[in-house]
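Because the structure is predicted, anything quoted here is derived from the model rather than measured.
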Amino acid sequence: MHPLSKRLSRYFLPVLKETPAGAEIVSHQLMLRAGLIRQTAAGIYAWLPLGLRVLDRIAAIVRCEQDRAGAIEMLMPTIQPADLWRESGRYDAYGPEMLRIADRHGRDMLYGPTNEEMVTAIFRDCVKSYRDMPRTLYHIQWKFRDEVRPRFGVMRGREFLMKDAYSFDMDMDGARASYDAMFTAYLRTFAALGLRAVPVKAPSGPIGGDLSHEFHILASTGESEIFYDSALDTVDIADPEAPAQLRRLYAMEAEEHAKIAACPVPPERLARRRGIEVGHIFFFGTKYTAAMGMQVQGRDGAMVTPLCGSYGIGVSRLAGAIIEASHDEAGIIWPEQVAPFDVGLVNLRPDEAAVMAACEALEAKLAVAGRSVLHDDTPARPGEKFATMDLVGLPWVVTVGPKGLAAGTVELKRRATGEKAELSLEAAIARIAG
Ligand code: 5CA
């Protein structure tokens with residue numbers, strides 16, 4: 001067996017037949033039923049093997065687009081000393097959402113809800129000159145927020161995985177360029193995940209202007225209601241001009257929109273949908289650098305307090321958001337980019353040597369083509385195997401059995417469309433790899 005592939009008989013995929021009580025929205029139900037996650041405490045989840053593969057693929061796409069935008073990856077710890085947050089003044093301001101911990105020496109610690117203070121302290125201690133500016137640093141790390149109402153599974157968890165990036169610039173032009181680079185990176189990231197995200201103007205920071213945006217995936221179960229110019233729906237995300245176009249078009253959270261008297265969009269073009277916030281970017285200027293005494297020597301010798309922004313993506317929330325956007329009555333429909341395996345292989349007779357041999361050959365050939373396979377070699381009934389594959393939602397399902405083999409064929413099914421074809425083994429592989 002190739003390392004890309006897994007045998008279900010030796011895997012860990014605890015699927016549930018019944019919809020678990022208390023799971024209100026479809027992504028939460030399907031994540032539990034398809035064996036992606038298990039709740040271990042309110043708002044805290046273990047990622048089971050299948051879920052972890054999805055989470056890793058989402059993180060890889062996020063990482064790729066951050067790197068492409070010039071951001072540099074690092075890794076900061078989850079546990080932070082309270083003193084850092086006393087420097088910025090946020091330790092007392094943050095409230096009960098912050099999980100506060102004391103170590104054995106009685107020192108105040110906390111489980112980080114975000115990392116502005118820590119990254120600013122590290123950058124301040126290492127960078128003294130304009131020569132080492134500008135920089136954008138990021139990490140992908142677990143956060144903890146003791147949410148009043150953790151709900152909807154990983155959508156609003158207490159522990160959740162976030163990509164958070166932080167930009168440091170010498171002047172406003174630079175800060176705007178850093179912000180724009182992230183804005184573009186976010187659109188590319190969501191497109192690469194197979195999602196269409198709407199950038200929504202958010203209440204802006206200290207400087208005003210258009211330097212705070214939330215990114216929403218449209219879904220009826222979204223927690224926020226947004227108004228937007230329906231022209232947004234027709235923008236071609238692949239077009240290099242898309243970021244500029246999207247930024248010009250109007251989108252606003254309903255709550256804020258209500259406060260604005262004159263809406264710039266004619267009523268017939270105004271759309272109203274619910275959205276899931278999967279990203280949030282903000283410019284906040286010298287808020288932390290000033291409070292924490294960071295100064296850098298400029299080209300002319302004068303000391304400058306760097307201007308900063310922070311840029312978050314809800315990596316674990318995205319797993320839920322993708323399912324909200326892509327499922328049917330039978331289960332999840334993973335976009336190819338993030339599917340835990342490329343192919344589900346339903347072996348109708350694992351006890352028959354010829355069928356097993358054909359399945360093994362298929363695994364090996366798909367592996368050569370770089371495709372991963374989840375091979376159901378268990379003794380379960382065919383109906384149960386098909387139901388599990390539909391639930392788990394892998395892009396392709398290949399069914400191999402004695403009848404087909406006698407005729408020289410296997411069945412290939414596209415999960416997204418339900419389209420089926422009887423093909424030779426070779427043709428099936430070519431279709432999947434092509
Ligand atoms: N410091 C800033 C940017 S790095 C920040 O923390 N922004 S945030 O609060 O908006 O969070 C960034 C993203 O994390 C959100 O857009 C959302 O997608 C995700 N997120 C926030 N809270 C949760 C939560 N409780 N569960 C799951 N994801 C969350």
- Tyr111 and Phe144 aromatic ring geometry - parallel, tilted or perpendicular at 30°/60° bounds: tilted
- Determine, for Arg431 against Glu411, whether the closest basic-nitrogen to carboxylate-oxygen distance falls under 4.0 angstrom. no
- Item | Trace of the side chain to side chain donor-acceptor pair (under 3.5 Å) decision for Tyr138 with Asp67 | CA-CA 9 Å; Tyr138 78 97; Asp67 290 348; 2.8 Å; yes
- Task: Verify whether the ring centers belonging to Phe283 and Tyr179 lie closer than 6.0 Å.
- Result: no
- Pair Phe284 + Tyr166: ring centers closer than 6.0 Å: no
- Query: Between the side chains of Gln66 and Tyr311, does any donor sit under 3.5 Å from an acceptor?
  - Reply: no
- Message: Salt bridge check, Glu116 against Arg90: does any charged N sit closer than 4.0 Å to a carboxylate O?
- Response: yes
- Item | Salt bridge Asp173-Arg176, side-chain N to carboxylate O under 4.0 Å | no
- Note on the structure: dist His280:NE2 -> Met162:CE (nearest 0.5 Å) comes out at 10.5 Å
- Straight-line distance of Met133 CE to Asp171 CG, nearest 0.5 Å: 9.0 Å
- Query: Is atom CZ of Arg100 surrounded by more than 12 heavy atoms (other residues, nucleotides or ligands) closer than 6.0 Å?
  - Reply: yes
- Item | Distance, nearest 0.5 Å, that separates CG of Leu345 from CG of Leu366 | 8.5 Å
- Task: Could you tell me whether Asp229 and Arg248 make a salt bridge, using a distance below 4.0 angstrom between a side-chain N and a carboxylate O?
- Result: no
- Query: Is Arg86 positioned over the aromatic face of Tyr91, cation under 6.0 angstrom from the ring centre and no more than 45 degrees off axis?
  - Reply: yes
- Message: Do Ser5 and Glu363 pair up side chain to side chain, a donor and an acceptor below 3.5 Å, judged on atom types alone?
- Response: no
- Exactly one of Val392, Thr19, Ile25, Ile323 clears side-chain contact (heavy atoms from CB on, under 4.5 Å) with Leu30, and that residue is Ile323
- Item | Distance, nearest 0.5 Å, that separates OG1 of Thr378 from CG of Leu13 | 10.0 Å
- Item | N-O pairing of Arg107 and Asp83 below 4.0 Å | no
- Query: Is the count of non-hydrogen atoms from other residues, nucleotides or ligands lying under 6.0 Å from Glu255 atom CD greater than 12?
  - Reply: no
- Query: Is any NZ, NE, NH1 or NH2 atom of the basic residue among Arg269 and Asp233 found under 4.0 Å from an Asp or Glu carboxylate oxygen of the other?
  - Reply: no
- When you look at Arg149 and Glu223, which way does the salt bridge (charged side-chain N to carboxylate O under 4.0 Å, His left out) test go after all the steps? CA-CA 12 Å; Arg149 271 185 80 197; Glu223 286 194 281; over 6 Å; no
- Item | NZ on Lys6 to CG on Leu8, rounded to 0.5 Å | 12.0 Å
- Query: How long is the span from the NZ atom in Lys163 to the OG1 atom in Thr189, to the nearest 0.5 Å?
  - Reply: 7.5 Å
- Query: Using the ring of each side chain (for Trp, its six-membered ring), is Tyr94 parallel, tilted or perpendicular to Trp85, with breaks at 30° and 60°?
  - Reply: perpendicular
- State whether Trp396 and Arg415 meet the cation-pi test: NZ (Lys) or CZ (Arg) under 6.0 Å from the six-membered ring centroid, and within 45° of the perpendicular axis. no
- Message: Taking NZ in Lys128 as the centre, count heavy atoms belonging to other residues, nucleotides or ligands within less than 6.0 Å. Is the count above 12?
- Response: yes
- Is the CD atom of Glu329 crowded by more than 12 outside heavy atoms at less than 6.0 Å? no
- Stacked cation flag Arg247 on Phe183, 6.0 angstrom / 45 deg: yes
